[in-house]
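Residue numbering restarts at 1 for every chain, and letters A, B, ... go by the order of the sequence lines.
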Amino acid sequence: MAEILGAEIDEEGFLLKMADWSEEIALAMAAEDDIELSPEHWEVINFLREYFIEYEFAPAVRILTKAIAKKLGNDKGNSRYLYSLFPYGPAKQGCRFAGLPKPTGCV
Amino acid sequence: MSLTSIIFTLFCYLSLLIFVIGLSYKIIQYSRTPAPLKIPIAPAPLKRSGVFMRMVAEVFLFKSLFKASKWTWFFGWIFHWALVLLFIRHLGYFWPGDTPEVLLKTESFKYASFPLIIGLMGLLARRIFVDRIRYISSPSDYLMLILLITIGASGMLMTFALYYPNMGLVYSFAEGLVTLNWSELPSDLIFLVHIFFVFILIAIFPISKLLHAPGVFFSPTLNQVDNARKRRHISSWAMQKETDKEVSIEQNLEKDE
Amino acid sequence: MAEVDIDKLPTYIEIPAIQKDAMAGDGPFKASAEIQEQLGFPGEKIENWQQVAIEKMAETTSKYRSVQVFLDACVKCGACTDKCHYYLGTSDPKNMPVARQDLFRSVYRRHFTFAGKYFPKLVGAKELDDAMLDDWYNYFHQCSQCRRCAVFCPYGIDTAEISMAAREVMNVIGVGQKYSNQILGRINKIGNNLGMPEPALRDTLLDLEEEIEKETGIAVNLPLDNEHAEVLMVTPSADFFAEPHIDGLIGYAKVFHQSGVTWTMSSYASEAANFGMFIGSYEVMRQGALRIRKAALDLGVSRIIVGECGHAWRVAYSFWNTLSGIGGGASDEYALKLQRQLDSNYPQPQHIIEFTYDLIQKGILTFDKTKNDHRKVTFHDSCNVARGSNMGDIENGQFILPREVIKAACNHFADMPKATIKSSTFCCGGGGGLLTDDLIELRIKGAMPRMQALKQSQENDGVNTLAAICAICKSQFSKVLPNYDFDPYMIVSVHQLVSDALVLSDKSQTKAEDSL
């Protein structure tokens with residue numbers, strides 16, 4: 001089984017146990033994808049984690065964009081902006097950095 | 001009777017026996033195998049009459065093949081129709097006693113051998129020269145075409161190239177097979193090749209891809225009516241399962257709540 | 001944008017020369033033991049897998065006439081060889097439908113036919129060895145079960161049936177695909193593919209209600225578990241989560257609002273998709289259908305309507321009645337109860353497009369089509385709707401109704417080239433359990449024929465919007481459009497077009513609220 005900073009990950013790079021997550025892991029995952037985490041990235045990651053802890057599920061992309069709009073301003077509350085932060089998708093790449101399971105389905 | 005005649009007579013019955021038993025087995029197998037789900041393929045008919053029209057268009061016109069590939073359709077279609085005409089033309093040989101008027105009028109069907117050969121050569125050429133079709137071809141796919149070409153070519157040699165066998169013997173041999181009044185067959189090599197390959201063709205019918213002939217009628221994508229919402233379609237094994245397991249399934253579902 | 005080398009879109013599609021092993025590989029990620037066992041399959045490849053696989057093949061051919069006839073009837077005419085989008089996009093000869101079937105057929109011949117038993121070389125019969133199993137796994141997960149090949153086959157041979165059979169054999173010996181089987185585990189446990197629990201679903205729906213009210217000033221409900229609703233709406237869970245799907249969900253809500261028909265979704269059966277079809281398992285597919293039947297019974301609805309999901313509609317339209325007696329004719333206790341409960345004035349189940357179309361025909365919906373004037377719309381026929389279902393109970397209704405709904409909401413509509421739509425539609429490239437990142441190269445390449453047709457429409461008719469009625473298509477297009485230099489936001493739900501142009505009136509859904 002592959003690992004990142006000692007935490008087990010699955011074949012797609014997602015943490016097996018959410019409890020293993022740390023900011024260092026998020027940074028290391030981002031580095032693997034050639035992304036330097038900005039404060040805006042952290043807003044997304046933190047919101048994903050907060051939402052997940054409350055609902056045991058990642059927020060719908062629409063809910064995420066609205067939350068980001070509230071925090072970072074309306075011009076950034078859209079999926080184009082989120083894709084500029086997370087080129088592989090705010091839901092998938094964002095969830096990975098946030099230590100959440102990968103949302104899969106017809107999405 | 002000569003040994004050749006005896007062997008060929010036996011061959012004929014053997015191939016017919018394999019044909020009848022094998023084909024019956026396959027047809028019974030197809031009809032007994034349930035089709036558990038409605039899977040008609042678009043454009044799917046909503047009524048029985050539509051299915052009938054669809055089968056007519058597929059069986060007589062090769063409609064789907066026409067949509068798929070004009071060349072394959074052209075070669076395949078002329079070959080199959082030529083084969084039908086030539087089959088009818090051969091019936092006269094086997095007719096016991098006086099040949100009926102209508103069969104005598106099929107003399108000109110002999111020219112169907114030209115489209116037959118053209119069709120088969122076209123199909124063979126596609127198989128050899130188109131890389132995709134070459135890739136999917138097994139030796140048997142080539143041999144099947146060569147077999148048919150040989151039958152057609154040997155027939156044409158006897159009909160058009162003056163290699164006539166003794167027609168009296170042909171008639172009495174063929175009639176004899178039907179009336180069980182066996183007689184000598186012409187010993188011309190070309191004639192023997194012709195009928196030997198025909199016997200082979202008959203014998204391999206139920207164990208080869210020639211099963212496409214009965215298969216097309218049993219194909220659920222073609223022969224089903226698209227009316228699943230209105231009428232319940234259920235297979236015997238699924239019904240069995242349903243009655244056996246009905247309670248436990250509902251219990252499972254309760255548990256999930 | 002995923003990094004896969006693709007050629008520039010051609011002006012027209014040339015049939016590629018074969019390139020052997022162009023897509024050779026290990027296939028998508030395999031399911032873990034935990035995932036496999038949830039579905040009742042062995043956790044890993046079993047010891048005597050060959051024997052069990054052959055036995056399973058015998059069982060399948062005896063239970064499925066389709067498989068039995070299709071294995072026998074193929075004459076290798078080659079009509080299908082250039083019909084598969086994955087072949088056109090990858091040039092790998094094993095992606096030609098007949099060659100894909102032959103992976104299964106060669107083993108069938110070896111074990112179940114006279115010629116294959118005694119003359120294997122002659123008829124291309126082969127043993128099911130490790131290499132063959134690897135090919136099965138790789139190439140039966142390069143088939144989106146779109147059935148385009150079957151439209152062109154003179155015997156109606158449907159590669160999807162073979163690919164489903166092969167996937168089931170593989171599952172039975174413990175070789176399953178992670179993506180599909182993980183999702184099936186979740187639907188059995190939580191009720192939807194995503195694994196979205198009820199509180200998250202409820203919160204999302206509330207959020208959407210707020211959004212609609214904020215944007216339109218009108219309160220439109222998205223009810224969940226409302227026991228007094230007329231309609232149970234079953235929609236793909238992607239509609240609750242993904243873009244652009246969610247705007248389609250808003251569209252359904254607005255249509256129901258205008259119709260005055262009360263409706264509800266179910267937290268117990270919050271999924272229309274049924275991946276049981278993709279893995280060829282009658283049993284697993286039936287479990288999914290029974291969940292919906294139970295939800296309908298518990299909520300006491302009189303109608304069941306299915307949202308924009310391609311294979312869900314095939315399963316609902318063609319299979320639900322068979323699997324769970326939703327429709328007429330089943331005789332078990334629950335089916336009979338459901339038959340008494342459901343309104344026989346409507347087809348059961350119905351598609352949301354049928355529902356909206358009826359309202360349009362009756363003049364109940366008013367549209368301001370100018371709201372969509374910035375769009376030049378084309379419609380992508382999703383394969384399972386196009387080739388495996390009907391709408392409106394009229395011949396070719398599944399092609400007519402969605403287009404009529406679009407035209408009612410939009411002034412500018414143009415179809416893509418004729419050879420690529422309706423029954424000849426090209427798959428989006430992501431159907432049949434392939435919508436997973438580990439198959440991204442295949443998905444991008446397989447989208448080529450659809451993208452090529454779209455480009456033609458863009459050039460000829462100025463098309464800038466691609467509408468679809470399938471969650472998989474929408475997700476797949478969002479992902480692959482940029483690879484072909486299209487705007488990923490050009491893909492929309494048909495009900496998003498409806499939503500944008502529908503004139504809402506302020507009739508608060510008193511019926512639903514009173515009864516709560």
Side-chain angles (χ1 to χ4, degrees), chain B residues 26 29-30 33-39 41-46 50 58 62 64-65 67-69 72 76 126 130-133 135-141 143 207-209 211-212 215-216 218-222 226 228-235 237-238 242-243 246 249-250 253 256-257, chain C residues 17-18 62-66 68-69 72-83 93 96 98-99 102 113-115 121-124 147 150-156 158 161 268 282 290-291 294 317-319 321-322 325 327-330 332 334 347-348 386-388 390 393 395-396 423:
Chain B
K26 290 309 284 191
Q29 180 192 44
Y30 293 160
T33 308
L37 293 164
K38 278 275 177 138
I39 59 166
I41 191 85
L46 304 175
E58 288 299 340
F62 302 2
S64 293
L65 187 57
K67 271 190 287 188
S69 160
T72 312
R126 271 183 68 80
V130 179
D131 66 343
R132 303 189 310 281
I133 304 178
Y135 180 88
I136 58 170
S137 299
S138 303
S140 57
D141 297 313
L143 288 177
I207 54 164
S208 69
K209 66 178 183 180
L211 285 171
H212 68 278
V216 67
F218 288 96
S219 177
T221 46
L222 297 180
D226 183 15
R229 270 200 293 197
K230 287 197 200 104
R231 291 185 58 174
R232 191 174 201 222
H233 171 90
I234 186 134
S235 64
W237 61 260
E242 214 166 88
T243 37
E246 187 189 331
I249 282 165
E250 293 300 334
L253 287 175
D256 291 339
E257 281 191 324
Chain C
I18 61 172
S62 72
K63 283 166 84 171
Y64 288 84
R65 183 186 293 168
S66 53
Q68 176 64 58
V69 171
D72 281 339
C74 178
V75 300
K76 316 290 174 85
C77 72
C80 62
T81 52
D82 56 349
K83 301 302 182 285
M96 299 187 295
V98 46
D102 274 352
T113 69
F114 174 84
K121 288 245 165 65
L122 183 71
V123 295
R147 309 172 82 218
V151 170
F152 295 96
C153 174
Y155 317 106
D158 180 356
E161 292 289 305
Y268 173 74
Y282 190 95
L290 286 174
R291 252 190 122 81
K294 180 164 163 49
Y317 174 88
S318 291
F319 304 159
N321 197 1
T322 301
D332 70 288
Y334 297 94
Q348 304 284 0
R387 287 185 278 262
N390 182 273
D393 292 325
E395 299 263 346
N396 296 319
S423 62

- Heavy atoms, side chains only, cut-off 4.5 Å: are Ile39(B) and Phe319(C) in contact? yes
If one checks every heavy atom of Asp141(B) against chain C at 4.5 Å, the contacting part turns out to be side chain
Quiz prompt | Working for side-chain contact (heavy atoms from CB on, under 4.5 Å), residues Ile207(B) and Thr113(C) | solution = CA-CA 7 Å; Ile207(B) 54 164; Thr113(C) 69; over 6 Å; no
Answer key: most heavy-atom pairs under 4.5 Å with chain C among Pro34(B), Ala238(B), Pro220(B) is Pro34(B)
Heavy atoms of Thr322(C) and Ile234(B) approach each other most closely as O-CD1, 3.5 Å
The interface call for Asp72(C) against chain B, heavy-atom contacts under 4.5 Å, is both
Of the listed Asp393(C), Asn396(C), Asp82(C), the one with the largest count of heavy-atom pairs under 4.5 Å with chain B is Asp393(C)
Between the OH atom in Tyr282(C) and the OG atom in Ser235(B), the distance rounded to the nearest 0.5 Å is 5.0 Å
*Is Ser140(B) reaching over with its side chain to a backbone N or O of Leu122(C), donor-acceptor style, under 3.5 angstrom?*
yes
Closest heavy-atom pair, Trp237(B) versus Lys63(C), reported as atoms and distance to 0.1 Å, is NE1-O, 3.0 Å
When the 4.5 angstrom heavy-atom criterion is applied to Ser318(C) and chain B, the contacting part is both
Scored by heavy-atom pairs under 4.5 Å with chain B, the best of Ser423(C), Gly328(C), Gly329(C), Gly124(C) is Gly328(C)
Note: Ile136(B) and Met96(C) closest approach over all heavy atoms is CG2-CE, 3.7 Å
Under 4.5 Å to a heavy atom of chain B? For Gln348(C) that would be backbone
Heavy-atom side-chain contact between Arg132(B) and Val98(C) under 4.5 Å:
no
Note, Thr81(C) side chain near Tyr135(B) side chain (heavy atom, < 4.5 Å)
no
Cut-off 4.5 Å, heavy atoms of chain C, and the answer for Arg231(B) is backbone
- Item | Validation row: Val123(C), Lys209(B) side chains within 4.5 angstrom (heavy atoms) | no
When the 4.5 angstrom heavy-atom criterion is applied to Cys74(C) and chain B, the contacting part is backbone
Most contact-rich option vs chain C, by heavy-atom pairs under 4.5 angstrom, among Ser208(B), Ser138(B), Ala68(B), is Ala68(B)
Nearest heavy-atom contact between Ala42(B) and Ala386(C) is CB-O, 3.2 Å
Using a distance-only test with no angle check, is there a side-chain donor-acceptor pair under 3.5 angstrom linking Arg65(C) and Thr33(B)? no
(message) What I'd like to find out is whether the side chain of Glu161(C) reaches to under 4.5 Å of the side chain of Thr221(B), using heavy atoms alone.
(response) no
Closest non-hydrogen atoms of Glu242(B) and Asp332(C), given as atom of the first, atom of the second and distance, are OE1-OD1, 4.3 Å
Honestly, the part of Ala150(C) sitting under 4.5 Å from a heavy atom of chain B is both
Distance col, row Phe152(C):CZ vs Lys67(B):NZ, nearest 0.5 angstrom, shows 6.5 Å
Under 4.5 Å to a heavy atom of chain B? For Tyr64(C) that would be both
If one checks every heavy atom of Lys83(C) against chain B at 4.5 Å, the contacting part turns out to be side chain
Among Leu222(B), Thr72(B), Leu37(B), the residue with the most heavy-atom pairs under 4.5 Å to chain C is Leu37(B)
Turns out that what part of Ala35(B) lies under 4.5 Å from chain C's heavy atoms comes down to both
Turns out that what part of Ile133(B) lies under 4.5 Å from chain C's heavy atoms comes down to side chain
* Asked: Is a side-chain donor or acceptor of Arg232(B) paired with a backbone partner of Asn321(C) at a separation under 3.5 angstrom?
  -> yes
Original post:
Does Cys77(C) reach the side chain of Leu65(B), with side-chain heavy atoms less than 4.5 Å apart?
Top reply: yes
If one checks every heavy atom of Phe62(B) against chain C at 4.5 Å, the contacting part turns out to be neither
Of Gly327(C), Ala330(C), Ala115(C), the largest count of non-hydrogen pairs under 4.5 angstrom with chain B goes to Ala330(C)
Of all heavy-atom pairs linking Val151(C) and Ser64(B), the shortest is O-OG, 3.5 Å
